[in-house]
Amino acid sequence: MANAASGMAVDDDCKRKFLELKAKRTYRFVVFKIEEKQKQVVVDKLGEPNLTYDDFAATLPADECRYCVYDFDFVTEEGCQKSKIFFIAWSPDTAKIRSKMLYASSKERFKRELDGIQVELQATDPTEMGIDVIRGRAN
């Protein structure tokens, strides 16, 4: 279904991979990108469950925007094992203006397709989505 604001559709595979991450924990992360020619959001990369947050951060291009979903495991102050699903809008300062605008205008519509996101982050450089930021937002 196309987004009225930006005309972006969401490939069914995006929803399928998100559900596999959320329900089956098949992936640690999923990175999505907008295919401008096809006018749709598609799966760009999948991260195996054994990969770390640093592995995930290293997959993001330095000068291109992406949407990402990351399944973050942590232990609460009470010692309980928990998990939170983060949605990260990666929009580096060095990305093209047109790309930033396209991702910004499609974000809310795309996020609505992914039912179960618990925390949202917007990052323009790696420090805005460092592991300490993730830990702080998870609690």
Side-chain angles (χ1 to χ4, degrees):
M1 177 140 177
N3 175 349
S6 68
M8 270 318 127
V10 177
D11 186 57
D12 287 339
D13 198 38
C14 293
K15 292 178 258 188
R16 206 171 14 258
K17 297 301 184 209
F18 175 74
L19 286 172
E20 289 173 15
L21 174 141
K22 182 175 98 170
K24 299 179 187 167
R25 306 198 80 189
T26 310
Y27 307 107
R28 173 67 53 200
F29 62 86
V30 183
V31 179
F32 307 94
K33 70 177 180 178
I34 293 177
E35 284 289 352
E36 276 196 71
K37 287 184 174 66
Q38 297 155 353
K39 291 198 178 336
Q40 70 176 350
V41 181
V42 298
V43 173
D44 183 33
K45 295 182 180 121
L46 298 168
E48 297 301 316
N50 62 332
L51 294 178
T52 67
Y53 187 78
D54 289 337
D55 295 327
F56 157 67
T59 68
L60 298 178
D63 57 358
E64 291 178 32
C65 299
R66 292 290 186 271
Y67 299 129
C68 317
V69 175
Y70 185 82
D71 186 6
F72 180 65
D73 292 328
F74 63 102
V75 178
T76 65
E77 288 177 11
E78 297 81 35
C80 296
Q81 185 71 32
K82 287 206 163 181
S83 165
K84 286 218 172 149
I85 297 175
F86 279 73
F87 178 87
I88 301 170
W90 172 244
S91 185
D93 289 331
T94 52
K96 294 184 175 122
I97 298 287
R98 174 178 164 72
S99 177
K100 289 190 216 181
M101 289 172 57
L102 188 59
Y103 275 79
S105 66
S106 304
K107 182 177 81 169
E108 289 305 317
R109 162 74 174 63
F110 178 60
K111 244 178 45 190
R112 279 198 300 274
E113 296 285 335
L114 308 178
D115 185 37
I117 289 169
Q118 296 161 301
V119 183
E120 180 185 345
L121 278 181
Q122 172 79 35
T124 58
D125 74 63
T127 62
E128 294 178 348
M129 55 174 268
I131 191 66
D132 293 337
V133 174
I134 298 292
R135 275 194 198 102
R137 292 291 301 273
N139 291 325

Exam field: side chain W90 to backbone P61, donor-acceptor pair closer than 3.5 Å: yes
With a 4.5 Å cut-off on side-chain heavy-atom distances among I, L, V, M, F, W and Y, is there a chain of contacts connecting I88 to F74? yes
Nearest 0.5 Å, what's the CG-OG1 distance between D71 and T26? 10.5 Å
Taking the basic N atoms (NZ, or NE/NH1/NH2) and the acidic carboxylate oxygens, is any pair closer than 4.0 Å for E35 and K39? no
Walk me through whether Y53 and F72 qualify under ring pair (Phe, Tyr, Trp, His ring centres under 6.0 Å). CA-CA 8 Å; Y53 187 78; F72 180 65; 7.1 Å; no
Can you tell me how far apart CG (D132) and CZ (R135) are? Round to the nearest 0.5 Å. 6.0 Å
Side-chain touch R137/L121, heavy atoms, less than 4.5 angstrom: yes
Going only through I, L, V, M, F, W and Y residues with side-chain contacts under 4.5 Å, is there a path from V10 to V43? yes
Please answer: with hydrophobic residues joined when any side-chain heavy atoms are less than 4.5 Å apart, are V42 and V30 in the same cluster? no
Heavy-atom side-chain contact between V75 and C80 under 4.5 Å: no
Report yes if some heavy atom in the side chain of P92 is under 4.5 Å from a heavy atom in the side chain of T124; otherwise report no. no
Heavy-atom distance under 4.5 Å between the side chains of E64 and S99, does that happen here? no
Are more than 12 heavy atoms, taken from residues, nucleotides or ligands other than N50, located less than 6.0 Å from that residue's CG atom? yes
Any side-chain heavy atom of V69 within less than 4.5 Å of one from L21? yes
Sole candidate of F18, Y103, Y67 that passes ring pair (Phe, Tyr, Trp, His ring centres under 6.0 Å) when paired with F110: Y67
Decide whether L60 and F87 are clustered together by the hydrophobic rule: side chain heavy atoms of Ile, Leu, Val, Met, Phe, Trp, Tyr closer than 4.5 Å, transitively. no
Side-chain H-bond candidate by donor/acceptor type, T127 with D125, under 3.5 Å: yes
Which label fits F29 and F56: parallel for a plane angle under 30°, tilted from 30 to 60°, or perpendicular past 60°? tilted
In the single-linkage hydrophobic clustering (I, L, V, M, F, W, Y; side-chain heavy atoms under 4.5 Å), do L46 and I117 co-cluster? yes
Residue pair L102 / M8, side-chain heavy-atom distance below 4.5 Å: yes
Salt bridge present between E36 and R98 (N-O < 4.0 angstrom): yes
Enclosure of K82 NZ (heavy-atom neighbours >12, cutoff 6.0 Å): no
What verdict does the salt bridge (charged side-chain N to carboxylate O under 4.0 Å, His left out) test give for R109 and E113, after you've listed the backbone C-alpha separation in whole Å, the side-chain angles of each residue and the deciding distance to 0.1 Å? CA-CA 7 Å; R109 162 74 174 63; E113 296 285 335; 2.8 Å; yes
Do the side chains of R28 and D73 get close enough for a salt bridge, i.e. N-O under 4.0 angstrom? yes
Between T94 (side chain) and A62 (backbone), is there a donor-acceptor pair under 3.5 Å? yes
Salt bridge present between K22 and E20 (N-O < 4.0 angstrom): no
Out of curiosity, Q40 CD to D13 CG, how far, rounded to the nearest 0.5 Å? 10.0 Å
Between E120 and K107 (salt bridge meaning N to carboxylate O under 4.0 Å), is one present in this structure? yes
C68 versus M129: any side-chain heavy-atom pair under 4.5 Å? no
Distance only, no hydrogens: is a donor on one side chain within 3.5 Å (strictly under) of an acceptor on the other, for Y27 and E48? no
Intermediate values then yes/no, side-chain contact (heavy atoms from CB on, under 4.5 Å), C65 and K33: CA-CA 7 Å; C65 299; K33 70 177 180 178; over 6 Å; no
Are any non-hydrogen side-chain atoms of F32 and D44 less than 4.5 angstrom apart? no
Look only at the side chain of S105 and the backbone of M101, and say whether a donor-acceptor pair between them is shorter than 3.5 Å. yes
For I85, is there any backbone N or O sitting under 3.5 Å from a side-chain donor or acceptor partner on Q118? yes
